[in-house]
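Comments concern the structure below.
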Amino acid sequence: MKNAELVRRKDAATPRGVGVMCNFYAERAENSEIWDVEGRRFIDFAAGIAVLNTGHRHPRLVAAVQKQLERFTHTAYQIVPYASYIELAEKINQRAPGQWAKKTAFFTTGAEAVENAIKIARSATGRPAVIAFSGGFHGRTMMGMALTGKVVPYKVGFGPFPGEVYHAPYPCELHGVSVDDSLKALQVLFKADVDPKRVAAIIFEPVQGEGGFNVAPAAFVKALRALCDEHGILLIADEVQTGFGRTGKLFAMEHYGVAPDLTTMAKSLAGGMPLSAVCGRAEIMDAPAPGGLGGTYAGNPLAVASALAVLEVLEEENLIARGAALGQRLMDRLHSLRPRVPQIAQVRGLGAMVAVEFQQADGSPDAEFTREVQNRALQKGLLLLSCGVHGNVIRFLFPLTIPDAVMDEGLDILADVLAR
């Protein structure tokens with residue numbers, strides 16, 4: 001089987017709206033490496049878009065799924081429940097930020113978790129409006145797109161979107177948006193666009209994913225918490241990409257000393273199996289009536305088994321601390337390259353959620369250079385993802401299980417590409 005033939009078949013059989021980055025096709029994968037159908041090896045610094053914090057095919061996850069596969073694959077939890085769903089909910093409730101009684105519901109995708117978090121917030125508050133932030137990404141469903149603060153490619157041509165969704169600028173020092181600017185914009189929204197008494201929730205990413213790995217300043221997160229408390233608004237932390245060890249904590253909100261009312265999670269929750277969740281204050285989670293939450297595949301038993309194994313692996317292999325150390329190693333390497341790579345405008349991140357932003361000499365975004373770095377790295381066998389509203393950021397999402405030798409090999413390829 002050849003990659004070129006698969007490309008031809010893909011173009012004939014699938015729509016162009018499903019964009020595909022790579023022109024090769026996976027045959028097998030192990031930990032932090034992928035081999036294509038022609039036998040070429042690639043170092044994976046993408047991890048299925050932050051899904052594989054525990055690596056490709058971790059033996060503990062494979063064993064857990066195989067064990068569950070021998071028992072049953074599906075009953076629909078709302079029809080015939082199973083104990084593993086409850087066990088995972090208990091573990092998430094114990095570990096999610098917030099020193100209060102919590103409950104957790106499981107779904108399938110990150111977008112589905114976001115949709116349900118908004119449903120829960122509206123049900124609990126009796127209010128319709130939601131505030132999100134520019135540069136944020138919350139999914140490709142209609143509500144997810146309405147919340148998302150990036151037009152191309154996610155929103156273009158798909159409107160109209162659900163109403164009562166408002167946006168404020170997300171703080172980003174490099175782009176000239178301070179914490180005060182963001183907070184003042186929220187006050188303008190309350191004066192000009194929406195009564196705060198009509199706002200059910202403010203949703204934000206502690207570290208923006210598609211928006212460019214912009215890290216929320218602590219002062220901003222604490223101010224959001226205070227603002228929500230003042231007006232009876234619920235604070236939703238979208239931890240779909242930041243969760244499960246990526247930022248040097250199990251959840252990114254642990255860095256901030258305040259807790260959200262609701263947390264959405266997915267991606268690395270189940271290490272490659274489709275599973276998402278909403279965890280929050282028990283009384284808020286109980287607001288929807290029976291039957292208001294759920295889904296045919298929500299909390300699939302195979303995915304739940306994998307997620308239980310993920311929590312064990314993160315703890316037993318000390319992957320959260322390892323991720324923080326790997327992230328620091330990457331940032332040190334990128335900083336060392338700055339004198340030779342004038343396009344590097346900023347290196348930023350939290351734990352192993354690291355990005356580098358490129359600009360031209362006049363300070364404008366350099367998306368062309370970013371694409372060149374990505375393409376040249378791919379030619380040398382290193383998978384990198386871009387992001388940012390202007391497409392001028394490279395983000396790094398290597399598995400936290402990556403062997404030191406493979407990590408060093410990937411960093412050497414990156415350094416070579418950037419220096420050239």
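Bear in mind the structure is a predicted one, so any value in this text is a computation, not a measurement.
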Look up atom [atom1] in [X] and atom [atom2] in [Y], then write down how far apart they are to the nearest 0.5 Å.
{"X": "F213", "Y": "Q241", "atom1": "CZ", "atom2": "CD", "result": "4.5 Å"}
{"X": "M273", "Y": "N300", "atom1": "CE", "atom2": "CG", "result": "6.0 Å"}
{"X": "Q359", "Y": "D366", "atom1": "CD", "atom2": "CG", "result": "9.0 Å"}
{"X": "S386", "Y": "F358", "atom1": "OG", "atom2": "CZ", "result": "10.5 Å"}

Could I get the full list of salt bridge (charged side-chain N to carboxylate O under 4.0 Å, His left out) partners for R16, not counting sequence neighbours?
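Salt bridge (charged side-chain N to carboxylate O under 4.0 Å, His left out) check on R16 returns nothing, list empty.
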Not counting sequence neighbours, which residues clear salt bridge (charged side-chain N to carboxylate O under 4.0 Å, His left out) with E316? List them please.
R60
I'd like to know whether L411 forms a side-chain contact (heavy atoms from CB on, under 4.5 Å) with F398, so could you lay out the CA-CA distance, the side-chain angles of the two residues, the decisive distance to 0.1 Å, and finally the verdict.
CA-CA 11 Å; L411 293 181; F398 45 81; over 6 Å; no
Is there side-chain contact between [X] and [Y], with heavy atoms separated by less than 4.5 Å?
{"X": "E112", "Y": "E115", "result": "no"}
{"X": "F42", "Y": "L378", "result": "yes"}
{"X": "M353", "Y": "V215", "result": "no"}
{"X": "N31", "Y": "H56", "result": "no"}
{"X": "R40", "Y": "F24", "result": "yes"}

Shortest non-hydrogen contact from [X] to [Y]?
{"X": "Y25", "Y": "N3", "answer": "N-OD1, 2.8 Å"}
{"X": "I118", "Y": "I236", "answer": "CD1-CD1, 4.0 Å"}
{"X": "P169", "Y": "S134", "answer": "CA-OG, 3.2 Å"}

Is the closest side-chain donor-acceptor distance between E210 and H138 under 3.5 Å?
no
Whether the H58 and E317 side chains hold a donor-acceptor pair (N or O, under 3.5 Å, no angle test) is what I'd like checked.
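Checked: H58/E317 side chains pair up, N/O donor to acceptor below 3.5 Å.
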Please determine if R329 and D408 form a salt bridge, counting it only when a charged side-chain N lies under 4.0 Å from a carboxylate O.
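A salt bridge is present here (some side-chain N lies under 4.0 Å from a carboxylate O).
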Does the pair E90/K102 count as a salt bridge with the N-to-O cut at 4.0 Å?
no
Looking at the rings of F220 and F133, which for Trp means the six-membered one, are their centres under 6.0 Å apart?
yes
R41 atom CZ, neighbour heavy-atom count above 12 within 6.0 Å:
yes
When you look at CZ of F161, are more than 12 heavy atoms from neighbouring residues, nucleotides or ligands closer to it than 6.0 Å?
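Enclosed.
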Tell me if a side-chain donor or acceptor on D193 pairs with a main-chain N or O of F190 at a distance below 3.5 Å.
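No; zero donor-acceptor contacts below 3.5 Å.
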Quick check: does any side chain N or O of R348 sit under 3.5 Å from a backbone N or O of G212, one acting as donor and the other as acceptor?
yes
Partner set under side-chain contact (heavy atoms from CB on, under 4.5 Å) for A307, not counting sequence neighbours
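L88, L269, A270, L275.
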Is it true that the NZ or CZ of K222 lies under 6.0 Å from the centre of Y256's six-membered ring and within 45 degrees of the ring axis?
no
